[in-house]
Every structure is written in structure tokens, then in C-alpha cells.
Amino acid sequence: MYRSKTKEVQIGNVKIGAENPVAIQSMTNTKTEDVAATIAQIHQLEHAGCEIIRCAVPTMEAARALQEIKKNISIPLVADIHFDYRLAIAAVENGADKIRINPGNIGNRERVQAVVDCCKERKIPIRVGVNSGSLEKELVEKYGGVTAEGLVESARNQVLFIEEMGYDNLVISIKSADVLMCIRAHELIAGKTPYPLHVGITESGSVYSGSVKSALGLGAILYMGIGDTIRISLTGDPVQEVHAAKLVLQTMELRKGGIRVVSCPTCGRTQIDLIALAGRVEEMVKDFDLDIKVAVMGCAVNGPGEAKEADIGIAGGIGEGLLIKKGQIVKKVPEDQLLEALRQELTHWND
């Protein structure tokens, strides 16, 4: 498995690569210069399960804001830099635990060297990021368009560029909005570099379409044993990115803990408002740190049987439902009390 063979990289208080678990990353969408708003959003993300957070640093004011932000959060802080090498240096000087750059748009060799020297002095990792939307013109021409092969060559060239400057504390990311291209690119690069890989489908879309595309792409990549940190990029609240990432890792059995909800798709036999109930259950269980499966079933045909496969479940009837725990029917509950009955069972699960 490629993942277990990557070198270990320390990002603040989180280690990635080698035998470490795949870490969940997200990115703030506040103005980084607005320190209070950025801290508040990071706290929300921490609560949701985010383990590494990235902030855009487009201005010197944003770079300086990192110092105060860093003091008020408990997860590693990554600075996202484009174009201006001075912002990268300022970000490191103000406490960034890692910086994300594209060496190709930072400037000449001397400017990249200045960034590398600053990171080397403080042992700050550099994430070399390559996106399909900014692939170098010569590689587009070489491969007859934007291709997985071109993305991999670009990443390897940029890594070599930094290695020649005497630094190898690196993380690589290769992202594309094309899911199949992204999968192929990771397949190609996995055997050609020892560095941890941050994986994601870039510009994947709204919460709905982005979650589907990301689950398909990341699922395939993770199944190959590739990927040390992940981000599900969504056009929406970044907290939703974290919830989606946790579900992907749980589904791939790369993350233990957290309640897994299974629910039936409903049909004409359903006698309760299962769609609304399932949504409320999914929202409610986020507050519980339990490694169990919860079933929400809609009728008496498959419901009781499938609910028995879970640690706890509810199965609907006509305006009522059964509460089933560890394979045994506990009691019959009116429909409007099902959610609260389930909540009480979860609250006292370990009693």
C-alpha cells in the first residue's frame, strides 16, 4: 500500500504520511483579515472534526492576521499562497504550520529559494500544489491538452526544483475537476514519489454534486491505498466539507468512531414521515461520539429485520414505530416521540 510507505511529515501537532491516519482538511471562506470571523469558523470546523485548516493569504494584512488566529485555535494552520513570495515568508514568520505554494507562480528561482530557506529554518512543510486549471503551457502542448500525465510531470518538476534547493519536507497535491483524470494522476504519481499526498477533487461543485463527485474520486484513490490528507471541496459551508470527508473515511473503513446512519429509501408502504425523520436523525447524531450504527427504517416489511442489523434502530408503522436495540424490540413509540426516544438511548448508551 502506497500510503504506508510515504515519509512522515509533521504539521503542527498532526503527523501525516507513513502509518498515520488519513487527516481531514478544510479551508476557511472568511476573509482571513477578519480575525474574529476566521477564528469563529475554525472553531466550528474543529467541532465538526476538521484536523488541518487552510486559510487564504492574499495580502500582507492576512499574513499578519495568522499570528492571532494561531493563538486561538488548536489544529494546524496552513497558509495558501499565490504569486507573492513575500506573503509566504510573512505567513511562516506569523506562525503558519505549513504553506501551500505553486512554485511556478511564485516568481524566479531566488524568490522560491527565499521561501524555501525560511521554511527550512523553521522546519515548516511546503505543500506543492498543482491544479489542472493552471498547468504550464509547455506541458499542455507536450501532451496535447491537460492530462494526468502532464499534471504528474508538473508536480515532479516542481518537487525536484525544491529538492535541488536542499529541502524535502514536502507534501504534494494534484487536483483536477475531472474525476477520472484525478484518479489516473494519483495512480501515476504514487509509485514515483515518497512524499505524502493531499487528495481532493477541485472545483467539484455544490454540496450535492460536489459530494457525489468527491466521493467517487476520493473513494477510488483511497481504495488504492493513496492519500494522506483529504479535502472535499464544496461550494457551501466548509463544515459540510468536513462531514462529507468523515463519511467517506468511515465508508472506506479508514476512520473509526462516529455514528453511521443507514436509512431505507422509502416506498408506498411507508406510513411515517421517514424522509424528515432520517434527516433529523443524521443531524442529531453528530453530537454523539459513539462508534455505532443507527438504522432508520420506514415499514414493517424490511424495517425490523434491517434495524436488527444495526446497534440501534427505529422502524416505522402507522403513525408509530418500533425502537430496536441490539437486535431486540425494546418498545413501541408514537411517531412524534421516535426521535426523542432514540436520543435518550444514545445519551445513555454507555451507562
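In the hydrophobic cluster analysis, where Ile, Leu, Val, Met, Phe, Trp and Tyr join through side-chain heavy atoms closer than 4.5 angstrom, V14 is grouped apart from I69. I126 and V130 fall within a single hydrophobic cluster, where Ile, Leu, Val, Met, Phe, Trp and Tyr are joined by side-chain heavy atoms under 4.5 Å apart, directly or via other members. Follow the hydrophobic side-chain contacts under 4.5 Å out from I232 and you reach V242 in the same cluster. In the hydrophobic cluster analysis, where Ile, Leu, Val, Met, Phe, Trp and Tyr join through side-chain heavy atoms closer than 4.5 angstrom, I81 is grouped apart from V78. Follow the hydrophobic side-chain contacts under 4.5 Å out from L338 and you reach W349 in the same cluster.
The shortest distance between side-chain heavy atoms of I314 and L277 falls below 4.5 Å. Side-chain contact between I292 and V294 is present, with at least one heavy-atom pair separated by less than 4.5 Å. E46 places a side-chain heavy atom less than 4.5 Å from the side chain of I73. Two residues are said to be in side-chain contact when any heavy atoms from C-beta on lie closer than 4.5 Å; T28 and I42 meet this criterion. Using a 4.5 Å heavy-atom threshold, the side chains of D168 and K7 count as touching. Inter-residue side-chain proximity for R260 and D291 is flagged as met; some heavy-atom pair is nearer than 4.5 Å. Counting only heavy atoms from C-beta outward, the side chains of I329 and L323 never approach each other to under 4.5 Å. Side-chain contact check for E136 versus L139: some heavy-atom pair is nearer than 4.5 Å.
A salt bridge links K142 with E153: the distance from a Lys NZ or Arg NE/NH1/NH2 to an Asp or Glu carboxylate oxygen falls below 4.0 Å. For K70 and D97, the salt-bridge test passes: some basic side-chain N is under 4.0 Å from an acidic carboxylate O. Using a 4.0 Å cut-off between charged side-chain N and carboxylate O, R184 and E187 make a salt bridge. Residues D311 and K325 are not paired through a salt bridge, judged by the lack of any N-O separation under 4.0 Å between the basic side chain and the carboxylate. One finds a salt bridge joining R343 and E340 here, because a Lys/Arg side-chain nitrogen approaches an Asp/Glu carboxylate oxygen to under 4.0 Å. Using a 4.0 Å cut-off between charged side-chain N and carboxylate O, R64 and E61 make no salt bridge.
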Indicate every side-chain donor-acceptor pair of residues 188-196 with a distance under 3.5 Å to a residue at least two apart or in another chain.
{"from": "K192", "atom 1": "NZ", "to": "L188", "atom 2": "O", "distance (Å)": "3.2"}
{"from": "T193", "atom 1": "OG1", "to": "Y195", "atom 2": "N", "distance (Å)": "3.2"}
{"from": "Y195", "atom 1": "OH", "to": "E163", "atom 2": "OE2", "distance (Å)": "2.5"}

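Although no hydrogens or angles enter the test, the distance criterion places no donor-acceptor pair under 3.5 Å between the side chain of S176 and the main chain of N131. Side-chain atoms of E33 do not come within 3.5 Å of backbone N or O of A65 as any donor-acceptor pair. For the pair K293 (side chain) and V262 (backbone), a donor-acceptor distance under 3.5 Å is absent. For the pair Q250 (side chain) and R255 (backbone), a donor-acceptor distance under 3.5 Å is absent. A donor-acceptor pair is defined here as one N or O able to donate and one able to accept, closer than 3.5 Å; such a pair exists between the side chain of N13 and the backbone of S74. Within the 3.5 Å criterion, the main-chain N or O of G17 finds a donor-acceptor partner in the side chain of N20. Formation of a donor-acceptor pair under 3.5 Å by the D228 side chain with backbone atoms of L197 is found in this model. T38 places a side-chain N or O within 3.5 Å of a backbone atom of D34 that can act as its donor or acceptor partner. Between the side chain of Q10 and the main chain of G12, a donor-acceptor pair closer than 3.5 Å is present. A donor-acceptor pair is defined here as one N or O able to donate and one able to accept, closer than 3.5 Å; such a pair exists between the side chain of S209 and the backbone of S206.
Between L77 atom CG and C55 atom SG the span is 5.0 Å, to the nearest 0.5 Å. Here CG of L45 is found 13.0 Å from CD1 of I52. Values are rounded to the nearest 0.5 Å. Atoms CE and CG, on M224 and L222 in that order, are 9.0 Å from each other to the nearest 0.5 Å. The NE2 atom of H243 sits 10.5 Å away from atom CD1 of I24, with the distance rounded to the nearest 0.5 Å. Note that CD1 of I174 is 10.5 Å distant from CG of L135, once rounded to the nearest 0.5 Å. The line from CG of L247 to OG of S214 is 12.0 Å long, rounded to the nearest 0.5 Å.
Qualifying salt bridge (charged side-chain N to carboxylate O under 4.0 Å, His left out) partners for R109, counting only residues two or more places apart in sequence or in other chains: none. With sequence neighbours excluded, no residue forms a salt bridge (charged side-chain N to carboxylate O under 4.0 Å, His left out) with K246.
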* Kindly indicate, with the supporting measurements, whether the criterion side-chain contact (heavy atoms from CB on, under 4.5 Å) is fulfilled by E241 and Q25. => CA-CA 9 Å; E241 297 185 351; Q25 183 168 317; over 6 Å; no
* **Test side-chain contact (heavy atoms from CB on, under 4.5 Å) applied to R127 and S173, step by step** => CA-CA 7 Å; R127 176 181 140 197; S173 69; 3.0 Å; yes
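Side-chain contact annotation: H82 with R100, donor-acceptor N/O pair under 3.5 Å present.
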